[in-house]
Amino acid sequence: MPLIIGVPRETFAGETRVATVPEVVQKLIKQGYQIVVESGAGNLSNISDDEYRAAGAEVLGSAAEVWSKADIVFKLRGPDATEVGLLKTGGTLVSYIWPAQNPELMQQLAAKKATVLAMDSVPRISRAQKMDALSSQANIAGYRAVIEAANAFGRFFTGQITAAGKVPPAKVFVVGAGVAGLAAIGTAANLGAVVRANDTRKEVADQIISMGGEFVTVDYEEDGAGTGGYAKVMSEGFQKAQRDTYAQQAKEVDIIITTALIPGKPAPKLITADMVKSMKPGSVIVDLAAEQGGNCELTVPGEVTVQHGVTIIGYKDLPTRLAKTASTLYSTNLFRLSEDLIKTNSVEPAADTGAAAIHMNMEDEVVRGTVVIDQGNVTWPPPAPKLSAAPAAAPKAAPAPAAHGHGPSTTVSSPARVATMFIIAAILFGLIGYGAPTAFLGHLTVFVLGCFIGYMVVWNVTPALHTPLMSVTNAISSIIVIGALVQVAPPLADGITRPEMLIKVLAAVAIALTAINMFGGFAVTRRMLEMFRKN
C-alpha cells in the first residue's frame, strides 16, 4: 500500500497559499505516494480542483476526509485545535510549527503520538538548502516588500531626465542582508534605485555589493555572525553606534526596508520614533519583521499606518500576496523533503494507531533537525549543528633525542628527502633513456613536465575555483584532437602510407570524444561564471 499524502485547505485567516501544487503532485506520485487534496484547497492560489485531478490527485469533499485518510499531512500554517483533533493517532504532519513559540501545540501533537516535521526547523546547512522553506518564502517577501514600497512611494524608483524635468532616483536603505534582504536589494537595484544596506555580519558585504547595493559600515569593530547563518545579539556599544548610523541614513533615504530577526526572540527595535520623524515626508518603511513585533517602534503589525508623514507597512503576509509562486516554491521544498523520507527512513504498519509509522533516521543531521516530535516523543530542540572548523594546528614535533650518546639523530630532513627523491628519479630517467628510442625519451619528458606543471597549477588555485579550472584545462588538454586529425588526414608527402582502417576508425572516435570534452569544458565554465555575473 503506498503512503497517502493529504493536503487540506489552509484555515488561517488571510492565508492564500496551498501546500502542494499540481506540478509537484505528479512528481510525488512518481515517487510512489498517493495524493488526496481537499476540494477548494488551491482556489486562493488560482489552482482549480480539476488541475489536481488532471495531475493524478484524488479530490475529497471535506477536511475531515483528508485528515482521516492521510498517512502524512502537508500543511503551511501550524494546525489549530480542530485540526489536531482530526490528525490520525500516530500520523505524520509536515508544516510550520515554531516549537519555541507554541509549546501548547507541541504537547497536543505529542499526545496524538504524532511524528512532526517542522519546516521552520530545517537546518540551514548546504545539504538542506533544497528543503529550506524559510529561505524560499523570505526570498518572495523581500521581492514583494520592494513592490509594496514602490506602490506607496510617490515617485519613480529610477532617475529620469525628460523634457518635463528631472526626477532623481529613489534612495533605499535595507536593514539586514539575509535572504529577504538580498532579494530586496536586488529588486530595488533592478528598478533603478540607489540601494544601501547594512548587516551585523561582515561577510555579507560582498553579497550586498554583488546584488547592486552599497554596504554601509557601522563605526564599531564587532562581528555579528552567529550559528546557522543567523545574526547574534550585539553588544550595547555596537548597538549605539548602529543607531547613530541608522539615524543618519533615515535623514537621507526615501525608503527603509527592515528584515532583522533573531531566532526565538522578538524582533530588535532598530528604527526609533525619532528616526521616523527625521525622514522626509512621503517616505516609506516596510517592516518585514512585523510578525515578530517589528524592527520599527511605530510599526502596527498587520496594518499600514502613516506616522509623521511616513507610510509604515507592517504586513505579516507578504509571501501570500504572491500565492501561486509561494505555493510552488513551498511545495518544491516539501517534495525534496519527501525524497529524503524515502531515502533515509523506513515505513512500517503501526500496530493500533491506524496510520503508517514512519521511522525517522535520527542519525541524519537534516532529519534530526527537522523532526521536532518523533512518535509522540518531543525531540526539540536538536543538538547544536556540527559546524566545520579549521583543523587544529599540528603540534611541533620535538627533535629526536640522540641515541645513547652516539651523536645527533640521523632522521632525514625534508629537503634531504626531496633531494633523494630527485636523485632516484634522475637515475630511473637515465636508465630509461639509455635503452629507449630518442623519440620516446622526448615524449616522456614532455609528459613528466606536463604532469608537474598541471599539478602545480591546480595546487595553487583556491578550491572554490577547481571546477571552472578543471573544465578549462580539460578543454585545453584536448589538443589530442590534432593527433587524431593527422591520422584520418591524407598523406602529406610521397612515401607516407595511409593508416589502416582500424586506426582511422579509432581516430574518428577520438575526435568525437575530444570534441565533447572541449565544448563541454567551456560550456561548464561559462555556466559557472554566469552565476556570478550581474546582468
Side-chain angles (χ1 to χ4, degrees), residues 5-12 15-21 24-25 27-28 33 35 41 45 70-80 83-84 87 91-102 105-106 109-110 114-141 178-180 228-230 261 263-264 291-292 316-320 322-323 325-342 344-345 358 360-362 364-374 378-382 385:
I5 294 176
V7 183
R9 182 167 48 186
E10 297 294 325
T11 58
F12 188 86
E15 182 58 71
T16 61
R17 294 169 292 178
V18 63
T20 300
V21 298
V24 173
V25 165
K27 297 177 182 178
L28 290 169
Y33 294 102
I35 314 298
S45 295
D71 300 308
I72 304 172
V73 175
F74 280 179
K75 269 183 62 61
L76 270 147
R77 301 279 184 168
D80 57 26
E83 291 173 319
V84 172
L87 178 65
T92 300
L93 173 66
V94 184
S95 173
Y96 283 117
I97 298 295
W98 303 108
Q101 290 88 349
N102 296 296
L105 175 61
M106 292 284 287
L109 292 169
T115 296
V116 181
L117 291 87
M119 294 305 291
D120 48 89
S121 297
V122 173
R124 298 196 120 175
I125 59 177
S126 297
R127 188 163 62 87
Q129 284 181 349
K130 60 186 178 182
M131 312 170 200
D132 191 352
L134 289 178
S135 292
S136 68
Q137 301 304 295
N139 181 40
I140 296 172
V179 176
Y230 293 100
L261 284 172
E291 193 165 6
Q292 302 299 324
K316 299 190 292 183
D317 58 352
L318 284 173
T320 68
L322 286 171
T325 300
S327 298
T328 301
L329 295 182
Y330 181 75
S331 61
T332 302
N333 295 140
L334 293 181
F335 167 67
R336 297 303 181 190
L337 180 63
S338 70
E339 285 183 319
D340 266 31
L341 288 179
I342 291 175
T344 62
N345 307 299
I358 301 178
M360 297 295 171
N361 176 18
M362 302 302 271
D364 183 278
E365 187 177 6
V366 175
V367 174
R368 178 64 186 87
T370 307
V371 175
V372 294
I373 301 176
D374 184 18
V378 176
T379 59
W380 187 89

Kindly compute the distance separating [atom1] ([X]) from [atom2] ([Y]), expressed to the nearest 0.5 Å.
X: L28; Y: I35; atom1: CG; atom2: CD1; answer: 4.5 Å
X: M119; Y: D132; atom1: CE; atom2: CG; answer: 8.0 Å
X: I97; Y: I373; atom1: CD1; atom2: CD1; answer: 7.0 Å
X: T11; Y: E83; atom1: OG1; atom2: CD; answer: 4.0 Å
X: D120; Y: T370; atom1: CG; atom2: OG1; answer: 9.5 Å
X: L105; Y: Q101; atom1: CG; atom2: CD; answer: 11.5 Å

Is any side-chain heavy atom of [X] less than 4.5 Å from a side-chain heavy atom of [Y]?
X: P382; Y: S121; result: no
X: L117; Y: T92; result: yes
X: L87; Y: L109; result: yes
X: F12; Y: D80; result: no
X: R124; Y: S135; result: yes

Counting only N and O atoms by type, is there a donor-acceptor contact under 3.5 Å from the side chain of [X] to the main-chain atoms of [Y]?
X: D317; Y: T320; value: no
X: N139; Y: A180; value: no
X: E10; Y: R17; value: no
X: S45; Y: T16; value: yes

Where is the tightest heavy-atom contact between [X] and [Y], given as atom of each residue plus distance?
X: R77; Y: K75; answer: O-CE, 2.9 Å
X: P319; Y: A326; answer: O-CB, 3.4 Å
X: I125; Y: V366; answer: CD1-CG2, 4.0 Å
X: S338; Y: Y33; answer: O-OH, 3.3 Å
X: D374; Y: T379; answer: CB-CG2, 4.0 Å
X: L334; Y: A19; answer: CD1-O, 3.4 Å

Using ring centroids (six-membered ring only for Trp), state whether F74 and Y330 fall under 6.0 Å.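 That pair fails the under 6.0 Å test.
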Could you go through F335 and T20, starting from their C-alpha distance and side-chain angles, then the distance that decides it, and tell me whether this counts as side chain to side chain contact (heavy atoms under 4.5 Å, CB included)? CA-CA 9 Å; F335 167 67; T20 300; over 6 Å; no
Between R368 and E365, does any NZ, NE, NH1 or NH2 come within less than 4.0 Å of an OD or OE carboxylate oxygen?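 Here E365 does not pair with R368 in a salt bridge, since their nearest N and O are not under 4.0 Å apart.
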Please step through side chain to side chain contact (heavy atoms under 4.5 Å, CB included) for the pair V94 and I72, ending with a clear verdict. CA-CA 7 Å; V94 184; I72 304 172; 4.0 Å; yes
Name of the residue among L322, L318, V179 meeting side chain to side chain contact (heavy atoms under 4.5 Å, CB included) with I140: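 For I140, the side chain to side chain contact (heavy atoms under 4.5 Å, CB included) test succeeds with only one of L322, L318, V179, which is L322.
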